[in-house]
Chemist: 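Below you will find the structure I want to go over with you.
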Amino acid sequence: MRRRRDDEEPEKTPLVKEIPPKARDLSEWYQAVCYKAQLVSLAPVRGCVVLRPYGFALWERLQATLDGRFKATGHENAYFPLLIPERLLSREAEHVEGFAPEVAWVTQGGGETLTERLAIRPTSEVVIGTMYAEWLQSYRDLPILINQWANVVRWEKRTRPFLRTLEFLWQEGHTAHATEREAADEVQQMLGIYADVAEDVVAVPVYAGEKSQSERFAGATHTFSIEALMPDGRALQAATSHELGQNFARAYNITFSAEDQTLQHAWTTSWGMSWRMIGAMIMVHGDDRGLRIPPRMAPYEAVIVPISGTDGADVANAARTLLATLRDAGIRAKLDDRMALRPGAKFADWDIRGVPLRIEIGAKDLRDGVVTFVRRDREKGEEGAKTVCPSDDVPARIPELMDDIQRSLYKQARTFLIEHTIATQDRAEFYRLCRERAGMIEIAWCERPECEAHVKVETSATTRVLRVRHGGDTVCTACGEPAVGRAYFAQSY
RNA sequence: CGGGAUGUAGCUCAGCUUGGUAGAGCGCUGCGUUUGGGACGCAGAGGCCGCACGUUCGAGUCGUGUCAUCCCGACCA
């Protein structure tokens with residue numbers, strides 16, 4: 001943010017001044033977008049951000065989508081406490097060990113030192129499992145399908161807006177089932193929902209699959225995730241879904257009387273998506289002008305900018321009428337009637353904030369009975385970037401235009417992912433591609449932790465997800481041992 | 001948590017080498033003129049120079065410490 005490189009070519013005057021070119025330094029660009037688009041502000045606490053109204057509106061869009069899909073699949077929302085007594089936390093050994101380095105502790109309350117420390121939840125398996133143990137009696141109580149919208153705290157060393165902050169917002173689903181099979185189906189169902197939301201709503205293409213043993217959630221028997229690819233060639237884990245086996249059930253006594261009169265441990269799952277998904281959206285779709293929000297995620301699908309000129313009153317009236325019409329049609333529209341700014345300044349402002357469609361109304365449009373459409377997903381001057389639409393057709397045209405923009409953003413991102421998914425059978429090339437952050441590097445893999453560890457030491461890359469296994473008729477590209485499947489390797493966020 | 005860099009107005013930064021009354025551009029406030037890609041004029045407001053200690057007659061400038069931020073690694077949604 002503070003230093004400029006001086007070995008670059010002279011740049012054209014950008015359409016938006018506050019944002020450095022995305023290709024020059026992704027990290028600098030990313031931060032500028034987060035702040036200038038007024039999504040977040042740095043908080044007066046290390047590693048935390050304030051989610052400003054426009055940023056919160058994005059979260060609300062994601063939340064609404066996910067919440068709807070959870071409920072459609074039979075889940076209910078509930079809320080569990082932020083604080084976890086230490087004794088409770090330490091019951092599942094692997095789980096505690098996994099989270100120990102990043103747990104924040106409350107040691108005082110009411111002016112007195114507590115006899116037992118309270119952990120601020122890094123995730124809620126423990127509290128929720130404890131309650132499930134209390135609630136669950138019979139196989140007739142199963143399945144338990146609960147989701148909670150919550151904040152969690154993980155004491156991270158290095159933070160960045162949305163991608164990694166000490167406190168973040170997410171949802172965590174926690175379910176309990178009578179059989180392993182049912183739990184496994186649940187985990188796949190939720191993984192599918194995450195992939196679907198990422199691709200269809202956030203327009204971020206992902207690879208969904210199982211995590212390797214070393215990337216598994218602490219205490220899980222199987223972890224699955226969706227992985228997106230960022231423009232710098234690093235992968236971003238955008239959601240996870242875990243089979244917890246009976247590990248937590250044993251640690252927290254989640255048992256039930258089965259139909260056959262035996263006492264059994266439940267099979268539990270957990271799954272979560274956080275506001276990190278918004279970070280992926282920003283990086284994947286943004287350009288040199290700032291954010292480009294896929295219509296289904298956009299707080300405002302269209303912003304109306306009146307160009308007042310000498311017929312100010314007429315134009316202002318037309319703009320207000322149009323706003324009312326759009327809102328009646330169920331379109332999320334915003335009228336920018338700020339008098340202090342001239343149109344150009346508003347264009348730049350809404351460009352940064354990524355509104356999919358700008359509707360300009362000026363004296364000329366009024367005279368011709370049209371409005372001017374400007375699509376955010378196209379470059380200025382690009383074919384179809386700017387079009388006119390008869391005023392009467394506007395409410396009907398916008399939904400199809402939104403679909404088109406949604407598709408075009410997804411397609412651009414999909415093309416990038418495919419072009420940067422590289423399969424290789426050559427060991428030297430594999431290591432080189434990993435080091436260079438060339439993208440998702442796909443190889444035949446042995447699935448041995450030692451092999452993965454070696455690749456990591458050499459290249460900083462790890463497996464992102466495993467692909468469906470095949471016959472094992474080949475050798476691991478990374479080490480030469482027999483391969484048992486294929487895997488994507490990449491450096492990650 | 002290791003290595004590197006940076007902290008001066010809301011933002012981007014100059015001033016530090018050689019200590020001597022705090023600067024620019026943009027933004028902000030008021031009035032007027034403007035309005036199809038960041039308007040112009042006039043008038044204004046805005047600073048414990050990150051913080052602490054030290055050196056000095058005197059510190060934005062020199063020294064030590066500390067905190068924060070950014071970059072590169074190690075650890076993670």
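In what follows, every chain begins at residue 1, and chains take the letters A, B, ... in the order their sequences are listed.
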Chemist: Check the pair Leu341(A) / Phe347(A) against side-chain contact (heavy atoms from CB on, under 4.5 Å), numbers first and verdict last.
Modeler: CA-CA 10 Å; Leu341(A) 296 186; Phe347(A) 298 167; over 6 Å; no
Chemist: Would you verify whether the NZ or CZ of Arg358(A) falls within 45 degrees of the ring axis of Trp350(A) while also being under 6.0 Å from that six-membered ring's centre?
Modeler: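 Because its charged atom misses either the 6.0 Å distance or the 45° angle limit, Arg358(A) does not stack over Trp350(A).
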Chemist: Contact class for Gly272(A) (heavy atom, under 4.0 Å): base, sugar-phosphate, or nothing?
Modeler: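 It contacts nothing in the nucleic acid.
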Chemist: What I want to check is whether the side chains of Thr269(A) and Glu186(A) have a donor and an acceptor closer together than 3.5 Å.
Modeler: no
Chemist: Any side-chain N or O of Arg158(A) under 4.0 Å from OP1/OP2 of rC72(B)?
Modeler: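 The answer is yes; a side-chain N or O of Arg158(A) sits under 4.0 Å from OP1 or OP2.
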Chemist: Tell me whether Arg69(A) forms a cation-pi arrangement with Trp271(A), defined as NZ or CZ under 6.0 Å from the six-membered ring centre and within 45 degrees of its axis.
Modeler: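 No; the conditions do not both hold, so Arg69(A) does not lie above the ring face of Trp271(A).
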Chemist: Does NZ or CZ of Arg160(A) come closer than 6.0 Å to the centre of the six-membered ring of Tyr30(A), within 45° of the ring's axis?
Modeler: no
Chemist: What's touching nucleotides 75-77 of chain B from the protein side, N or O pairs under 3.5 Å?
Modeler:
from    : atom 1 : to        : atom 2 : distance (Å)
rC75(B) : OP1    : Lys456(A) : NZ     : 3.4
rC75(B) : OP2    : Lys456(A) : NZ     : 2.8
rC76(B) : O2'    : Glu102(A) : OE2    : 3.3
rC76(B) : O2     : Arg164(A) : NE     : 2.4
rC76(B) : O2     : Arg164(A) : NH2    : 2.6
rC76(B) : N3     : Arg164(A) : NE     : 3.3
rC76(B) : N3     : Arg164(A) : NH2    : 2.2
rA77(B) : O4'    : Arg154(A) : NH1    : 3.4
rA77(B) : O3'    : Gln237(A) : NE2    : 2.1
rA77(B) : O2'    : Gln237(A) : O      : 3.4
rA77(B) : O2'    : Arg276(A) : NH1    : 2.9
rA77(B) : N6     : Thr165(A) : N      : 3.0
rA77(B) : N6     : Thr165(A) : O      : 2.7
rA77(B) : N3     : Ser274(A) : OG     : 3.3

Chemist: Is the distance between the ring centroids of Phe248(A) and Tyr132(A) less than 6.0 Å?
Modeler: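 They do not qualify: ring centres at least 6.0 Å apart.
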Chemist: Is Glu227(A) salt-bridged to Lys211(A), cutoff N-O under 4.0 Å?
Modeler: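 A salt bridge is present here (some side-chain N lies under 4.0 Å from a carboxylate O).
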Chemist: Report the base-pairing partner of rC49(B) (Watson-Crick or G-U wobble, both distances below 3.5 angstrom), or none.
Modeler: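 Its partner: none found.
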Chemist: Output the residues of residues 341-350 of chain A in contact with RNA chain B, where contact means a heavy atom of the residue under 4.0 Å from an atom of the strand; sort by number or write none.
Modeler: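 Arg342(A), Pro343(A), Gly344(A), Ala345(A), Phe347(A), Ala348(A) - these, ordered by number, are the residues of the stretch whose heavy atoms sit under 4.0 Å from the strand.
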Chemist: Would a line drawn from the ring center of Phe224(A) to the ring center of Phe217(A) be shorter than 6.0 Å?
Modeler: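 So the answer is no for these two rings.
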Chemist: Between Ile352(A) and Cys48(A), which is nearer to the 5' end of RNA chain B once each is assigned its nearest nucleotide?
Modeler: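 Comparing both residues, the 5'-ward one is Ile352(A).
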Chemist: What integer number of Å spans the P atoms of rG50(B) and rA14(B)?
Modeler: 13 Å
Chemist: Counting heavy atoms from C-beta on, name the nucleotide in rG36(B), rA68(B), rG37(B) closest to the side chain of Asp365(A).
Modeler: rG36(B)
Chemist: Between rA59(B) and rA45(B), how far apart are the P atoms? Round to whole Å, please.
Modeler: 27 Å
Chemist: Between rG47(B) and rG4(B), how many Å separate the two C1' atoms, rounded to a whole number?
Modeler: 30 Å
Chemist: Any N or O donor-acceptor pair under 3.5 Å from the base of rG36(B) to the side chain of Arg358(A)?
Modeler: no
Chemist: Applying the salt bridge (Lys or Arg N to Asp or Glu O under 4.0 Å) test to Asp351(A), which of Arg375(A), Arg378(A), Arg289(A) qualifies?
Modeler: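 Answer to the salt bridge (Lys or Arg N to Asp or Glu O under 4.0 Å) test with Asp351(A) among Arg375(A), Arg378(A), Arg289(A): Arg289(A).
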Chemist: Check every strand shown and say whether Ser460(A) touches a base, only sugar-phosphate, or nothing at a heavy-atom separation below 4.0 Å.
Modeler: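 Sugar-phosphate only.
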Chemist: Using the closest heavy atom to pick a nucleotide of RNA chain B for each, name whichever of Arg437(A) or Pro161(A) lands nearer the 5' end.
Modeler: Pro161(A)
Chemist: Remember a base hit wins even if backbone is also touched, and classify Gly381(A) as base, sugar-phosphate or nothing at under 4.0 Å, heavy atoms.
Modeler: nothing
Chemist: Determine the contact category for Arg338(A): base if any of its heavy atoms lies under 4.0 Å from a base atom, sugar-phosphate if only primed atoms, P, OP1 or OP2 are that close, otherwise nothing.
Modeler: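 No contact.
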